[in-house]
Structure formats: structure tokens, C-alpha cells
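All remarks here apply to the structure that follows.
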Amino acid sequence: MTALTVALVLVVASAGLLRWRRPAWYWMTFGVTLASLRVLVRYASVMDACGLTVPPSRWRLALARMTNRPVPESRPPRILRFRPTRTGLVLRLGLRPGQDAFDVAAASDRLRHSFSMYGVTSREVRSGVVEVRMTGYDVLKRVQMPAKVDIRPMRVPVALREDGSVHYRDYRAVPHALTLGATESGKSVYQRNLVTGLAPMDVALVGIDCKQGVELFPLARRFSALADNPDTAAELLDALVSRMEGIYQLIRAEQRITAAVPDAEIAADIWDLPDHLRPVPVVVLVDEVAELALFATKDEEKRRDRIITALVRLAQLGRAAGIYLEICGQRFGSELGKGITMLRAQLTGRTAHRVNDETSANMAFGDISPDAVLAAIQIPAELRGLAIAGDSTGGWHRIRAPHTSLRQAVNTCNRHADRTPDLPELAPFRPELTATAATAVPLSKTAPATA
């Protein structure tokens with residue numbers, strides 16, 4: 001009896017220590033079993049308490065009266081699938097007649113408390129089927145990306161969502177995106193994750209970094225073109241517009257619209273072209289977009305209009321030509337001048353880290369979801385990397401990117417430097433690499449450069 005008591009105490013102490021120091025390990029060892037039992041045992045009573053049950057149908061009441069049986073109880077949604085995951089539980093529920101997916105979403109917070117889970121989110125899979133994802137611990141406190149992720153061409157895993165799923169940046173689904181964040185909010189780390197994810201792919205990277213290149217030039221070995229000032233940026237964007245026009249001519253020449261060609265094979269963008277003719281896609285990363293929109297003289301104003309016009313044209317027409325925009329900045333507001341709101345309207349993907357004012361959050365999510373605006377301005381300063389990600393559909397998620405140091409990003413870019421394509425239109429903007437530039441790379445934004 002004494003040995004059994006000691007063993008039980010050791011198990012309880014180990015579980016408590018794991019839950020405090022390593023919540024992910026605790027979940028995989030003890031938490032998932034306890035949570036599964038808790039959910040399955042309490043399911044019917046919790047659904048009834050949360051108002052997610054429906055009264056018995058008329059034919060069941062009639063059958064009970066005919067057979068002189070007790071009145072049937074109210075029925076909760078059916079559990080179609082129950083699946084434990086590395087971060088929580090996933091329930092797929094079949095709704096009863098009269099229920100709606102909004103009813104489950106409205107009861108998410110009550111379900112979280114009733115099942116003693118860290119978080120509960122829901123989404124409609126199809127008509128009558130709702131997926132409820134429960135997390136057993138704070139997955140965003142210490143981000144650990146899963147070992148296996150679904151990587152496809154032009155689809156990059158960049159962060160972890162609060163429900164434990166992976167947040168992908170899919171350029172073919174969401175061609176252009178806007179990323180906002182104040183200083184030390186984690187925006188640079190998010191950008192590094194994008195670059196390191198794109199580096200192994202067959203894609204050309206183009207960077208515009210008007211902070212004299214301190215963010216992107218250490219990664220220059222994987223970039224086909226780089227600009228570190230507004231004048232060079234204007235010329236680089238004009239070259240991209242010329243490349244876009246040339247690609248459209250190629251698509252027209254290879255469109256294959258004769259009567260003998262099936263409709264599915266008619267080319268409308270670069271992904272419909274044969275592999276040997278398909279131009280390499282281009283991802284344009286713009287760091288600190290406000291530097292491109294500010295001006296003090298008449299000449300600078302002309303340059304500014306030229307830059308914004310080129311960005312708007314690329315955002316409106318670049319998708320079919322395989323040119324995708326990643327616009328980043330600390331501040332993005334209508335005071336940046338004409339054309340800014342037109343540019344924003346073309347940026348489907350929106351990501352906002354901690355911002356210093358509500359106006360920036362409104363520029364990111366005001367036309368999408370007021371709830372996302374409120375969530376963005378409530379991000380605490382100590383949680384660097386935490387962000388709100390949304391799109392034009394109105395859906396949004398809390399995400400956090402894993403910490404990637406500048407040295408790790410540089411090593412990844414150097415390892416895949418052989419994949420950097422040479423684009424004739426962008427040859428004048430190919431970064432020149434010297435021996436000093438290749439070796440003296442600071443480890444962080446605040447670390448001093450070494451000789």
C-alpha cells in the first residue's frame with residue numbers, strides 16, 4: 001500500500017511539474033486522456049446547459065405517448081468525429097434541425113469553461129456540420145511548429161494559430177498582403193519566416209528596404225533584386241511593371257484558344273502555361289512602405305506618385321503574371337496620400353502585430369471585421385510576435401510566428417543561394433556581394449556589426 005501511495009504521489013507531482021514547466025509534454029502524457037474523458041462524460045449535460053440542444057421532434061413525442069413511455073429528452077448535436085491532436089481536441093458535430101453554426105460560435109466561451117479547456121473555436125465545414133477545435137494549453141506562449149506541415153508551391157507555413165493549427169501564407173489563394181506592426185512588435189521576425197519559407201522554392205525574391213537595407217540586405221544571396229532607397233525603388237518597380245507586361249504577351253501567345261483545346265487547358269495566368277514556358281513567380285517584399293510615400297519637395301512628390309502608381313498596378317494586375325506583393329510597415333494610414341487606400345483595397349491578406357494607434361488597426365481590419373480591430377489594439381507589448389491575421393472574407397485568427405534570428409535566416413538564404421534566378425529585367429538591381437558583406441552579418445537588429 002505504501003509503495004502504491006508513493007507511486008501515485010510521484011505521478012501527480014510529475015504531472016503538476018510538467019503542466020507548469022512543459023505544458024505541451026503534459027498534454028501529450030496526461031492532459032489529452034483526462035480532457036477526452038471529461039468531454040465525453042460531460043458532453044450531453046454541457047450542451048444542454050449551453051443551450052445547444054433541441055426539443056424532441058413531434059414523431060418522437062407521438063411515439064412516446066402511443067407506447068406510454070416518458071417524454072424524450074432534448075438532443076445535443078451528434079458527434080461525427082472525435083480526434084485528439086498534439087495541442088487539443090477536434091470535434092466534428094452534426095447539427096440538429098433548427099440549429100445554426102452561429103449558435104456554436106456564440107457558446108464557445110461557455111464551452112471553454114465547461115470543458116476546462118484553454119480555448120475553443122468553431123468553424124462551419126459545410127451545411128449542418130461544424131468543427132469545434134479545443135486547445136489544452138496556451139500554444140502561442142511558446143510556439144512550436146509541428147514536425148510535418150503541408151508545404152506546396154507558393155504556400156509557406158509562417159506561424160501557429162491559437163487553435164493549434166498552422167497558419168500558411170498561400171500566395172496563389174491570397175496574392176497580396178499587408179503586414180503592420182510597431183517597432184519591436186515582431187514584424188521583422190514574421191518577415192524572416194516568410195523569406196526562409198520561400199528560399200527553398202522556385203521563386204524570385206525582390207526586396208525594397210528603405211532603411212538602407214539593414215533588414216533585407218543580409219539575406220541578399222537569395223534575392224534577385226534589392227533597392228535600399230526610394231529612387232532605386234521607383235526604377236525597380238517600373239522594371240517589374242515592364243516584366244508584367246511582357247509576361248502577359250507570353251500568355252496571349254500561348255493561350256491556346258482554338259476549338260480543339262478543352263476549356264480547362266486555356267491559359268489565363270502563368271500557372272496554366274507548360275512548365276518549360278512558365279516564368280518564375282516573383283514575390284516583392286516592401287519594408288516600411290511609408291518611406292516610399294513620404295515627400296518634402298516637388299521632385300520627391302513626383303517620385304512618390306510614380307512609386308504608388310506602380311504598386312497599385314502590380315497589385316491590380318500582377319497576380320496572373322505571377323507577381324505577388326508583401327507590403328510591410330509600422331504605420332499605414334490615409335495621410336500617406338492619394339492612392340494609399342486604393343492600394344490597400346487590393347491587399348487581400350491582412351496581418352497586424354501590436355500597433356501604436358487605433359487608426360492603423362482600422363486601416364488593416366476596419367473594412368473586414370470590427371472584432372479584429374479590437375483584438376489588434378489589445379495585443380500586449382510583452383508578447384512580441386503575437387498578431388491578428390485576417391482576409392477579405394471577415395475571418396480572423398490570433399497567430400504567432402516562431403522566433404527566427406537573423407543569423408538563421410541568413411544561413412537558410414545562403415544554403416539556397418543556388419536557387420536565385422537571374423531575371424534580365426531586374427539585372428541592374430541584382431545585389432553586389434562583397435567578402436565583407438557575406439561574412440559580417442549581425443545576429444539581431446540591435447547587435448553591432450563586427451569587423
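Count residues from 1 along the sequence. Keep in mind the model is a prediction, meaning the values are calculated, not measured.
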When you measure from the side chain of Ser224 to the backbone N and O of Pro421, does any donor-acceptor pair fall under 3.5 Å? yes
Least distance between heavy atoms, Asp209 atom then Leu216 atom: OD2-N, 3.1 Å
Looking at Arg96, I'd like to know if its CZ atom is crowded, meaning that more than 12 non-hydrogen atoms belonging to other residues, nucleotides or ligands lie closer than 6.0 Å. yes
If you round to the nearest 0.5 Å, how far is CZ of Arg81 from CD of Glu131? 7.5 Å
Please test Gln330 against Thr183 for side chain to side chain contact (heavy atoms under 4.5 Å, CB included), starting from the C-alpha separation and ending with a verdict. CA-CA 7 Å; Gln330 299 182 26; Thr183 303; 3.2 Å; yes
Any heavy-atom pair between the side chains of Arg354 and Leu386 that's under 4.5 Å? no
May I have the step-by-step check of side chain to side chain contact (heavy atoms under 4.5 Å, CB included) for Ile327 and His176, ending in yes or no? CA-CA 8 Å; Ile327 307 295; His176 314 299; over 6 Å; no
What distance do Arg278 atom CZ and Ile270 atom CD1 have between them, rounded to the nearest 0.5 Å? 7.0 Å
More than 12 foreign heavy atoms under 6.0 Å from CZ of Phe102: is that the case here? no
4.5 Å side-chain heavy-atom contact, Gln144 and Arg86: yes
Looking at every non-hydrogen atom in both residues, tell me the closest pair between Thr404 and Asn193 and how far apart they are. OG1-OD1, 3.2 Å
Check step by step if side chain to side chain donor-acceptor pair (under 3.5 Å) holds for Thr121 and Arg133. CA-CA 5 Å; Thr121 59; Arg133 300 185 69 95; 5.6 Å; no
Looking at Gly94, is its backbone amide N or carbonyl O close enough to the side chain of Arg78 to form a donor-acceptor pair, meaning the two atoms are under 3.5 Å apart? no
When rounded to the nearest 0.5 angstrom, what is the spacing between CD in Glu162 and CD1 in Ile388? 7.5 Å
Set out, in order, the CA-CA distance, both residues' side-chain angles and the distance that settles side chain to side chain contact (heavy atoms under 4.5 Å, CB included) for Tyr324 and Met154, then state yes or no. CA-CA 10 Å; Tyr324 309 104; Met154 304 306 298; 3.7 Å; yes
Arg222 side chain near Arg419 side chain, heavy-atom distance below 4.5 Å: yes
Work out which heavy atom in Pro77 is nearest to a heavy atom in Leu93; give both atom names and the distance. CB-CB, 4.1 Å
Any non-hydrogen side-chain atom of Pro146 less than 4.5 Å from a side-chain atom of Leu160? yes
Check: Asn356 and Arg331 side chains under 4.5 Å, non-hydrogen atoms: no
Answer yes or no: are there more than 12 heavy-atom neighbours, outside Arg344 itself, under 6.0 Å from its atom CZ? yes
Has Met342 got more than 12 heavy atoms of other residues, nucleotides or ligands less than 6.0 Å from its CE? no
For the pair Glu288 and Lys187, evaluate salt bridge (Lys or Arg N to Asp or Glu O under 4.0 Å) and give the outcome as yes or no after the intermediate values. CA-CA 11 Å; Glu288 300 301 345; Lys187 175 169 55 67; 3.6 Å; yes
Just by modelled atom types, is the Tyr168 backbone N or O under 3.5 Å from a matching donor or acceptor in the Arg155 side chain? no
With a 4.5 Å limit on heavy-atom distance, are the side chains of Leu285 and Phe223 in contact? yes
Tyr43, OH atom: more than 12 neighbouring heavy atoms under 6.0 Å: yes
For a quick test of reading the model, state the closest non-hydrogen atom pair linking Pro402 to Val189 and the distance between them. O-CG1, 3.6 Å
Pairwise side-chain contact, Ile251 with Leu273, heavy-atom cut-off 4.5 Å (strictly under): yes
Can a donor-acceptor pair be found, under 3.5 Å and without considering hydrogens, that links the side chain of Ser108 to the backbone of Val104? yes
Nearest heavy-atom contact between Val139 and Gly164 is CG2-N, 4.1 Å
Check whether any side-chain N or O of Thr232 sits under 3.5 Å from a backbone N or O of Asp228 as a donor-acceptor pair, and report yes or no. no
Given 3.5 Å as the limit, does a donor-acceptor pair link the side chain of Ser165 with the main chain of Arg161, or not? no
So does Val174 get a backbone contact from the side chain of Thr348, meaning a donor-acceptor N/O pair under 3.5 Å? no
Walk me through it: do Thr420 and Arg221 pass the test side chain to side chain contact (heavy atoms under 4.5 Å, CB included)? CA-CA 8 Å; Thr420 306; Arg221 288 182 176 272; 5.9 Å; no
Is there a donor-acceptor pair under 3.5 Å between the side chain of Arg400 and the backbone N or O of Gly385? no
Report yes if some heavy atom in the side chain of Glu215 is under 4.5 Å from a heavy atom in the side chain of Ser188; otherwise report no. yes
Which class fits the ring pair Trp27 and Tyr137: parallel under 30°, tilted 30 to 60°, perpendicular over 60°? tilted
Okay, side chain of Gln346, backbone of Val312: is any donor-acceptor separation there less than 3.5 Å? no
Testing the 3.5 Å rule here: is there a donor-acceptor pair between the side chains of Glu326 and Tyr171? yes
About how many Å separate CZ of Phe115 and CE of Met134, when rounded to the nearest 0.5 Å? 5.0 Å
How many angstroms lie between atom CD of Glu382 and atom CD of Glu184, to the nearest 0.5 angstrom? 14.0 Å
Ignoring hydrogens, what is the shortest heavy-atom contact between Pro175 and Arg169? Give both atom names and the distance. O-NH2, 3.4 Å
Say you draw a straight line from CD of Glu235 to CZ of Phe429; how long is it, rounded to the nearest 0.5 Å? 5.5 Å
Are there more than 12 heavy atoms of other residues, nucleotides or ligands under 6.0 Å from atom CD of Gln408? yes
